[in-house]
Amino acid sequence: MKYKDYDIIDFLLEEFFIQWVKNPDKNTRHFWEKWLQQHPEKRDMVLEAASIIRSVKYANSPELSDEMYVESFENIIKAGHPIPERKLKNKSWFSFYPLKNIAAILIFGFCGWMVHSHMIVGVQPEVPVEKEEITVRRTVPLGKRSIITLADSSRVFLNSGSEMEYPKSFNQGDRWVRLKGEAFFEVKKNGSSFSVFAKNTEIKVLGTSFNVKEADKDLSVALVSGKVQVNDQKGNQVRLNPAEMLAIKEDGKFSKTSFDSLEVTGWKDRILVFRSASFREVKRKIENWYGVEVSSNGKVSREWKYSGIYKEETLENVLRGIFITSGMQYHIENRKVTLYNPK
Amino acid sequence: MKPQKKENLSPTNLVLSLKQNDSLLQFENKTDEEVWSAFDKGNELAFNYIYRIHVKSMFRYGSQITCDTGLIQDCVQNIFIQLRDKRGSLSTVQNIKGYLFKSLQREIIRKLKKDSKLGKDGLDQNDNYFPITLSHESVLIHRERDEECRQKIKKALTELTTRQRQAILLLYEEGLSYREIADTMEFSEVKSARKIIYRGLATLKDILQK
């Protein structure tokens, strides 16, 4: 039956018509206004039907008071139990958490660490977590960097002192890794999403390249190309565009900035970059980069800043470059660097 | 690149967040399914949004079944507390309003039965539920017979069965679709929703077609 043959009951029953009366949008408005122009003989009937639809009300319609509105919300929030972490992760991740497995991970992780620190060779201890899901844990000792190719041929540059866990194969379709430290990701597009878990935060991407750095208690995500979405454990979501960096502080506060791509991602190409770095930053970077311990007997002015770029340089050359200009001397012994003011 | 503001979502801040519009901005253009899935994943702004958008209509809907406002408030809270506890394993929901209405109705009936204020058969036995009226605010077309007509329609509406009134109110007052009404009233088929409303409106036929 066409609309022109409708009687009032038909209109009263017609969803598309009710939609126009109750929640008009561009689509319904366009149609029904035009239709009414073309069928003026139906105008009274249509308007009467619309009038009835609008007039039907609850006879008894008490309003929720503002006090009750706020009070209920408060009661709901306070009554709840915190959401179990595991329930929010996807299944493959879930399998990581049960207590019985934690000991295994820690022991294997420790062994891995021992092997690394004694042999300083890129060893990859494999950590079977449970039958269905074989995961691999890789740690990179201080002073070393490593490139890992994942099962989907995505590449991960793992910076010194960092650690990553990932399934040996991504057979269930979901791709994920767990990161401690810093890594640069070149994720291959394959239709399913790729998640990096770092510090209670999920960084979700399709195909893209970006840097993730967890330093002290802060986390930063710098996007080079593509798109990423960052979800923290509190359910906040932030999307990043290329050349944007998201910094998440320990207390959960976050901010977006631009970033110097050489400074943030240069490490993956073995370029050590200082950009008006403070003495503390320089010290920490050298310690990480070369796997040494730096101590200082001298005094450094608070205003002291250093900028410089080194590609595949020896520790000695870098130290000379940095400290010659600052009037400091250095002494290298074993894996210890001592800085001092010349007498 | 404006810096993103982020709330520290402790209970106090969550309550304060009721006064801010972040959740509205983030979710108003999303489908119910997307909002629900965000809520399931633990997104507090999504919960905030659901609460804001639906709690007043839930309260009003509950008032159609009982006038005990304390009981309605309890039931609304219970529903949300249970849903929050089940986050991470909630099933998908296409129409949040309908889903919440259905849950609320079940919860209220369960409570009323427990307090022996309701017989075993639930709502259908009694005729006091979902009282309906025809408001003055819109003017019917034939002015001279306006008031008379309005009174007749109103009378006919109040004489409908509880289920018919409920369905008509869900359709017109709440603006739900037949599919959503079928979900809310727990009909297995969408056409049952249309049928119950058709039967109700058919009683108006004589008045309207004069």
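So you know, we letter chains A, B, ... as the sequences are listed, proteins then strands, and number each from 1. From a predicted model like this one, the values you see are computed outputs, not experimental measurements.
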| said: Around atom CD of Q94(B), are there more than 12 heavy atoms from other residues, nucleotides or ligands closer than 6.0 Å? | reply: no
| field | Proximity breakdown for D7(A) and chain B, heavy-atom pairs closer than 4.5 Å | value | side chain
| message | With chain A as the partner, which of F47(B), Y172(B), Y198(B), F39(B) has the greatest number of non-hydrogen pairs under 4.5 Å? | response | Y172(B)
| message | Only heavy atoms, only distances under 4.5 angstrom. Which residues in residues 58-65 of chain A are near chain B? | response | Y58(A), A59(A), N60(A), S61(A), P62(A), E63(A), L64(A)
| message | Is I18(A) close to chain B through its backbone or its side chain, or both, or neither, when contacts mean heavy atoms under 4.5 Å? | response | side chain
| So which of Q19(A), E71(A), M68(A) has the largest heavy-atom pair count under 4.5 angstrom toward chain B? | M68(A)
| Using 30° and 60° as the class limits, which term best fits the ring planes of F11(A) and W32(A): parallel, tilted or perpendicular? | perpendicular
| request: Heavy atoms only, distances under 4.5 angstrom: which of Q26(B), Q82(B), K56(B), Q64(B) has the most pairs with chain A? Name it, please. | output: Q64(B)
| request: Go through the structure and list residues passing ring-ring contact (aromatic ring centres under 6.0 Å, His included) with F101(B), not counting sequence neighbours. | output: Y61(B)
| Distance in Å, F130(B) CZ paired with T162(B) OG1, rounded so as to fall on 0.5 Å steps | 8.5 Å
| Side-chain ion pair, R60(B) and E174(B), N-O less than 4.0 Å | yes
| request: May I ask you to test the W36(B)-T31(B) pair for a side-chain heavy-atom distance under 4.5 Å? | output: no
| query | Between F17(A) and W20(A), what is the ring plane arrangement, given parallel below 30°, perpendicular above 60°, and tilted in between? | reply | tilted
| query | chain A heavy atoms under 4.5 Å from L157(B): which part of the residue, side chain, backbone, both or neither? | reply | side chain
| request: Would you give the length of the straight line joining atom CD1 of I72(B) to atom CG of L104(B), rounded to the nearest 0.5 angstrom? | output: 7.5 Å
| field | Close aromatic pair by centroid cut-off 6.0 Å: F16(A) and F31(A) | value | yes
